[in-house]
Amino acid sequence: MKFGIELPTATSGMMHPVPFAGPRDLVDLAIEAEQLGYHDAGGNDHLSTMDFVRRAWPDPPDLYEPLIVLAQVAAKTSVLRLTTGIMVLPLRDPVLLAKQVATLDQLSGGRVTLGVAVGGYRDEFEAVTPDLRHADRARLTRERIEALRLLWTERNASYHGEYVHFENVESYPKPLQHPLPIYSGGNVDGSLRRAAELGDGWLPAKMSPSGIAAGRAKLAEYARAAGRDPATITTALQSVVCLGPTREAARETFRNSSFDLFRTSLAKTMTKGVDQDAYFAMNLIGTPDEVCEKVAAYAGAGVEHLTALLFVGNTVEEMRAQIRLFAKEVLPAFA
């Protein structure tokens, strides 16, 4: 099992208070993650403040651009992989993104994994791209993945889609990795299809082991239909982490954090029908022994990579303490 942390690039106001981390905190957390033995560090992606965050906090949060943060992390680390967990692909121009990611891959010595998804907040998409207000974001995401692949492999790339269109683009340098891994983020059928047909990994979030197993079965079906070997597609997972000396202490720490605001913000989408007890059960919340049991269950369901783990904390130091405790109590059990 590989483990990776989510840097708080754009978690302020959502999962953490406003204000939260500064630029130096982001880089320092990544450096320590490498020293502690984590496989990767990532950043999440928001270009504008979501409506629920504006309602919850009197001041706007700092939302740092993840690729620029990861470029700084690349310069300060040597083996830590750099992930996006996730990049909201409908907000990104594919020609520019292809250039940015290829450049980061070159600068880092081939350490980039690009996690992409539709995005959880329609209001952010409509604020940033009002001309695409009525667009099918799933279709837009698929077109941009296809466009990235062309731009990274073809000498002269052209794409003619419903939303994406460019002609005779020569984009160099190419990524150092061939192929540069793309993880399709999301829990719905569309994300599974994109992983099976276009991606190198499936990256759901906050899902039970049984849900993972069912998703992997669908992914295998879609991959074989596309002429691909399902074994070549990684199953990853993003989860919330909150450790405590007792199960109730861990749950109380979660309740007293901003993470429940994030949970309820997705009540009509990702966490629809999931009450708080079910949410605790499907995330890495509990004592270290309980969390190790949960990780083992996920491994048994086929998860190979726990990436972009979201560590609870109302301050950077509280978050750092959780990252350290997880490295001490959980990582060695799966070395």
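Quick note: numbers below take in every heavy atom, side chains included, and nothing from hydrogens, waters or symmetry partners. The shown structure was predicted, so the numbers you read here are calculated from the model rather than taken from an experiment.
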Problem - Audit row: Arg251, Glu248, salt bridge (Lys or Arg N to Asp or Glu O under 4.0 Å) steps and yes/no - result: CA-CA 5 Å; Arg251 293 183 174 195; Glu248 187 51 42; 5.4 Å; no
Handout entry: Side-chain heavy-atom pair Phe280, Arg247 within 4.5 angstrom cut-off
Key = no
Handout entry: Which atom of Arg144 lies closest to which atom of Pro94, heavy atoms considered
Key = NE-CD, 3.8 Å
Practice task
Indicate yes or no: at least one non-hydrogen side-chain atom of Pro179 is less than 4.5 angstrom from one of Trp152.
Solution key: no
Handout entry: Short side-chain to backbone donor-acceptor contact, Asp25 and Gly22, under 3.5 Å
Key = yes
Problem - Sidechain-backbone polar pair: Arg194 side chain, Thr141 backbone, donor-acceptor under 3.5 Å - result: no
Problem - Cluster check Leu97, Val118: I/L/V/M/F/W/Y, side chain < 4.5 angstrom - result: no
Practice task
Mark yes or no for whether Arg81, through its side chain, and Ala41, through its backbone, hold a donor-acceptor pair below 3.5 Å.
Solution key: no
Practice task
Evaluate side chain to side chain contact (heavy atoms under 4.5 Å, CB included) for Ile323 paired with Glu32, printing each intermediate quantity in order.
Solution key: CA-CA 9 Å; Ile323 291 170; Glu32 183 165 7; 5.9 Å; no
Exercise for the section: Inspect the contact between Glu146 and Arg149 and indicate whether a charged nitrogen and a carboxylate oxygen are less than 4.0 angstrom apart. Expected result: no
Problem - Sidechain-backbone polar pair: Ser184 side chain, Ser191 backbone, donor-acceptor under 3.5 Å - result: yes
Problem - Salt-bridge present (Arg92, Glu143; N to O < 4.0 Å) - result: no
Practice task
For Asp136 and Ala138, work out which heavy atoms get closest and say how close.
Solution key: OD1-N, 3.0 Å
Problem - Check: Glu290 side chain, Thr287 main-chain N or O, donor-acceptor pair, under 3.5 Å - result: yes
Exercise for the section: For Arg228 and Gly199, indicate whether the former's side chain and the latter's backbone hold a donor-acceptor pair under 3.5 Å. Expected result: yes
Exercise for the section: Verify, without hydrogens or angle tests, whether Asn187 (side chain) and Ala205 (backbone) share a donor-acceptor contact under 3.5 angstrom. Expected result: yes
Exercise for the section: For the pair His165 and His160, name the ring-plane relationship: parallel under 30°, tilted 30 to 60°, perpendicular over 60°. Expected result: tilted
Problem - Atom pair CG/CG of Leu176 and Asp105 - distance to nearest 0.5 Å - result: 5.5 Å
Exercise for the section: Return yes if some donor-acceptor pair links the side-chain N/O of Glu6 with the main-chain N/O of Phe311 below 3.5 Å, else return no. Expected result: no
Practice task
Could you note down all residue pairs passing side chain to side chain donor-acceptor pair (under 3.5 Å) where residues 93-104 supplies at least one of them, sequence neighbours left out?
Solution key: none
Exercise for the section: For residues Leu310 and Lys206, determine if any side-chain heavy atom of one lies less than 4.5 Å from a side-chain heavy atom of the other. Expected result: yes
Problem - Distance, nearest 0.5 Å, that separates OH of Tyr222 from CD1 of Ile233 - result: 12.5 Å
Completion exercise
Correct closest heavy-atom pair for Ala10 and Asn44 would be N-OD1, 3.0 Å
Practice task
Determine whether Met15 and Ser258 make a side-chain contact, defined as any pair of heavy atoms from C-beta on separated by less than 4.5 Å.
Solution key: no
Exercise for the section: Before giving the answer on side chain to side chain donor-acceptor pair (under 3.5 Å), spell out for Asn283 and Ser239 the whole-Å C-alpha distance, their side-chain angles and the decisive distance to 0.1 Å. Expected result: CA-CA 5 Å; Asn283 282 281; Ser239 184; 3.2 Å; yes
Handout entry: Validation row: Gln238, Pro204 side chains within 4.5 angstrom (heavy atoms)
Key = no
Problem - Lys174 atom NZ: more than 12 heavy-atom contacts under 6.0 Å - result: yes
Exercise for the section: Please determine, by modelled atom types, if Tyr279 and Asp260 share a side-chain donor-acceptor pair under 3.5 angstrom. Expected result: no
Completion exercise
Heavy-atom nearest pair, Val79 first then Glu34, reads N-OE2, 2.8 Å
Exercise for the section: Could you tell me whether the side chain of Glu126 and the main chain of Arg122 form a donor-acceptor pair under 3.5 Å? Expected result: no
Handout entry: Pair Thr234, His305: side-chain N/O donor-acceptor within cut-off below 3.5 Å
Key = no
Problem - Side-chain donor-acceptor contact under 3.5 Å, Thr77 with Arg111 - result: yes
Exercise for the section: Give, for atom CG of Leu26 and atom CG of Leu7, the distance between the pair rounded to the nearest 0.5 Å. Expected result: 6.0 Å
Exercise for the section: May I ask you to test the Val116-Ile182 pair for a side-chain heavy-atom distance under 4.5 Å? Expected result: yes
Exercise for the section: Flag the pair Asp59 / Trp57 as yes when at least one side-chain heavy-atom distance between them is below 4.5 Å, and no otherwise. Expected result: no
Completion exercise
So OG of Ser12 and CG of Leu63: to nearest 0.5 Å the spacing works out to 7.0 Å
Completion exercise
Distance col, row Leu114:CG vs Leu148:CG, nearest 0.5 angstrom, shows 6.5 Å
Exercise for the section: Would you sort out whether Glu304 and Met1 count as a side chain to side chain contact (heavy atoms under 4.5 Å, CB included), showing the intermediate values? Expected result: CA-CA 5 Å; Glu304 303 157 76; Met1 181 71 74; 5.6 Å; no
Exercise for the section: Provide the closest heavy-atom pair for Gly201 versus Ala195 in the form atom of the first, atom of the second, distance. Expected result: O-CB, 3.5 Å
Problem - Glu197 and Arg142 ion-paired at < 4.0 Å - result: yes
Exercise for the section: May I ask you to check whether Thr307 and Asp40 show a side-chain donor-acceptor distance below 3.5 Å? Expected result: yes
Handout entry: Single-linkage hydrophobic cluster Tyr64~Leu107, side-chain heavy atoms < 4.5 angstrom
Key = no
Practice task
May I ask you to check whether Thr49 and Arg54 show a side-chain donor-acceptor distance below 3.5 Å?
Solution key: no
Practice task
For side chain to side chain contact (heavy atoms under 4.5 Å, CB included), just list the numbers for Leu192 and Arg216, CA-CA rounded to whole Å, side-chain angles, deciding distance to a tenth of an Å, and then say yes or no.
Solution key: CA-CA 8 Å; Leu192 278 166; Arg216 278 174 52 84; over 6 Å; no
Handout entry: Pairwise distance CD(Glu221) to NZ(Lys218) - rounded to 0.5 angstrom
Key = 8.5 Å
Fill in the blank from the handout: The remaining residues in the hydrophobic cluster of Phe125, counting side-chain heavy-atom contacts under 4.5 Å among Ile, Leu, Val, Met, Phe, Trp and Tyr, are Leu47, Ile86, Val88, Leu91, Val95, Val128, Leu132, Leu140, Leu150, Leu151, Tyr159, Tyr163, Val164, Phe166, Val169, Tyr183, Leu203
Practice task
Establish, for the pair Lys294 and Tyr298, whether the NZ or CZ atom is under 6.0 angstrom from the six-membered ring centre and no further than 45 degrees off its axis.
Solution key: no
Problem - Contact check, side chains of Val291 and Phe326, non-hydrogen atoms, under 4.5 Å - result: yes
Practice task
Tell me yes or no: between the side chains of Asn168 and Ser158, is some donor less than 3.5 Å from an acceptor?
Solution key: no
Exercise for the section: Mark yes or no for whether Trp202, through its side chain, and Ile212, through its backbone, hold a donor-acceptor pair below 3.5 Å. Expected result: no
Practice task
Please report the C-alpha distance between Phe334 and Lys2 in whole Å, then the side-chain angles of each, then the deciding distance to 0.1 Å, and finally whether the side chain to side chain contact (heavy atoms under 4.5 Å, CB included) criterion is met.
Solution key: CA-CA 8 Å; Phe334 300 92; Lys2 297 177 289 189; over 6 Å; no
Exercise for the section: State, to 0.1 Å, how close Ala250 and Cys242 come at their nearest heavy-atom pair, and which atoms those are. Expected result: O-SG, 3.3 Å
Practice task
Please state whether the rings of Phe259 and Phe262 are parallel, tilted or perpendicular, taking 30° and 60° as the class boundaries.
Solution key: perpendicular
Handout entry: Connected via hydrophobic side-chain network under 4.5 Å: Tyr38 and Leu325
Key = yes
